[in-house]
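Okay, structure first, notes after.
We count residues from 1, following the sequence as given. Since the model is a prediction, treat every value here as computed from it, not as a measurement.
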Amino acid sequence: MLAETRLLSEADGYPYAIDNPQGRGDVLLVCEHASRLLPASFGSMGLSEEALASHIAWDPGALAVSKLMARRLDAPLIHQRFSRLIYDCNRPPDSPGAIRDTSEIYRIPANENLSDAEKAARAKAIYFPFQNRIADEIAARAQRGQATVLVTVHSFTPVYFGTPRAVEIGILHDKDSRLADRMLGAAADTSLYRVERNEPYGPADGVTHTLLLHAEPAGLLNVMIEIRNDLIADEAGQGVAADFLSGLLTEALTQ
C-alpha cells in the first residue's frame with residue numbers, strides 16, 4: 001500500500017501515528033506539525049541542517065507537549081510523522097500554503113516549480129491518510145457513543161521576520177468560539193503565561209483548517225492551541241505547559 005504512493009517506502013512507514021489509542025477522555029488531540037522527519041526519497045530537499053531544524057520544518061516542542069497532555073487527559077493523540085516541508089497537513093490541497101517554496105527567510109529548492117501532478121501525489125501520500133485517520137477516529141467514537149472535543153496543538157517561533165512576539169500562548173478558534181471562550185475565561189487571572197485570543201495567527205491566516213474540516217460541520221467543541229516554542233524547549237517547560245493547558249481544558253469542559 002505504501003509503495004503505491006511512490007513517495008513513501010515501506011521503510012518510511014505511514015504518514016501518521018496514534019498514541020494512547022484507547023484513551024477514554026472526551027478530548028481528541030491532533031498535532032499536524034509534529035515532526036521534522038523527511039522521507040528517504042527527499043534527501044535534504046536542498047536545505048541546510050539549520051533550516052531543517054528550524055520552525056519551517058516542524059513545530060518544535062509541540063509533540064512533546066501533546067504527548068504529556070494525552071496522558072493527563074487520557075486522550076488519543078494523532079500526529080503527523082513527516083515534516084510540513086513535504087506537505088502541511090493543516091492546509092487543504094488547493095491552498096498555496098500546503099506546499100511552500102519559501103518559508104520566512106528560506107527558499108525550499110525541492111518545492112520549487114512542482115507540477116500539479118507532483119503536488120497531488122504529495123497530498124495523496126501525506127494529507128489524505130492523515131486527515132482520513134482523524135475522520136475515522138471521530139466516527140468510531142461517535143459509533144460507541146463517546147463525545148469528541150477536537151484540540152490541535154502547535155508551537156510558534158518567538159521572532160518572525162525579525163519581529164519579537166510577546167504572546168506566549170494563543171487560544172485560536174474559527175466561527176465556533178465556545179471552547180476558546182471558556183479557556184480564555186479560565187486563563188484570565190493567570191500570571192504564568194501571556195494568553196491571547198487568535199494570536200499570533202487567526203482564521204484569516206488559514207490555520208484552522210483541521211477544525212473546519214472535522215469539528216465545525218459536526219458541531220464538536222474545538223480549539224487550536226499555539227505555544228511559543230522557546231517556552232517548551234526542554235522537558236521542564238514542556239511539563240509546565242502541558243499541566244497548564246490540560247488544566248485549562250479540564251476547567252473549560254466542566255463548565
Side-chain angles (χ1 to χ4, degrees), residues 1-23 28-47 51-67 69-70 75-101 103 108-111 114-141 148 150-155 206-215 224:
M1 178 179 175
L2 290 173
E4 294 176 2
T5 67
R6 301 182 183 179
L7 295 179
L8 303 182
S9 68
E10 292 292 336
D12 287 322
Y14 283 89
Y16 60 81
I18 180 164
D19 289 19
N20 195 30
Q22 304 305 318
L28 171 61
L29 291 164
V30 172
C31 191
E32 297 102 321
H33 305 150
S35 174
R36 66 187 188 102
L37 179 68
L38 298 176
S41 63
F42 283 82
S44 68
M45 300 187 71
L47 292 165
L52 291 173
S54 77
H55 70 93
I56 73 163
W58 64 321
D59 282 357
L63 179 59
V65 172
S66 297
K67 285 176 176 283
M69 291 177 66
L77 163 63
I78 298 173
H79 56 93
Q80 177 55 262
R81 291 191 57 250
F82 296 106
S83 171
R84 64 178 169 193
L85 291 169
I86 304 297
Y87 190 100
D88 185 336
C89 282
N90 196 28
R91 299 293 190 280
D94 60 355
S95 169
I99 304 173
R100 296 180 181 272
D101 55 13
S103 184
I108 306 169
N111 289 350
L114 294 179
S115 67
D116 289 343
E118 288 172 316
K119 293 176 182 178
R122 292 202 196 178
K124 179 180 178 182
I126 305 291
Y127 169 82
F128 287 108
F130 178 74
Q131 294 291 359
N132 288 343
R133 183 64 185 86
I134 297 171
D136 290 346
E137 184 68 19
I138 293 172
R141 292 164 67 91
T148 295
L150 186 61
V151 178
T152 65
V153 182
H154 296 253
S155 73
V207 299
T208 54
H209 172 64
T210 297
L211 303 183
L212 289 172
L213 184 64
H214 298 289
M224 176 178 174

Mind checking whether [X] and [Y] have side chains closer than 4.5 Å, heavy atoms only?
X: Ile134; Y: Tyr16; answer: no
X: Asp59; Y: Arg84; answer: yes
X: Pro96; Y: Arg91; answer: no
X: Glu137; Y: Ile18; answer: yes
X: Ile126; Y: Phe130; answer: no
X: Phe82; Y: Pro39; answer: yes

Gap between atom CG of Asp19 and atom CE of Met69 - 0.5 Å precision: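 The distance works out to 13.5 Å.
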N-O pairing of [X] and [Y] below 4.0 Å:
X: Arg81; Y: Asp12; result: no
X: Glu118; Y: Arg122; result: no
X: Asp88; Y: Arg100; result: no

Counting only N and O atoms by type, is there a donor-acceptor contact under 3.5 Å from the side chain of [X] to the main-chain atoms of [Y]?
X: Ser155; Y: Pro60; result: yes
X: Asn111; Y: Leu85; result: yes
X: Ser83; Y: Ala57; result: yes
X: Ser66; Y: Cys31; result: no
X: Gln80; Y: Cys89; result: no

Here's a test for you: under side-chain contact (heavy atoms from CB on, under 4.5 Å), which of Asn20, Val151, Leu150, Thr152 qualifies with Leu29?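 Among Asn20, Val151, Leu150, Thr152, the one meeting side-chain contact (heavy atoms from CB on, under 4.5 Å) with Leu29 is Val151.
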Under 3.5 Å, is there a donor-acceptor pair linking the side chains of Asn90 and His33?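 Note: Asn90 and His33 side chains miss the donor-acceptor criterion.
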Ignoring hydrogens and geometry beyond distance, is a side-chain donor-acceptor pair present between His79 and Glu32 at under 3.5 Å?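 No donor-acceptor contact under 3.5 Å links the two side chains.
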Are the aromatic ring centres of Tyr127 and Tyr87 under 6.0 angstrom apart?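 Ring centroids of Tyr127 and Tyr87 are less than 6.0 Å from each other.
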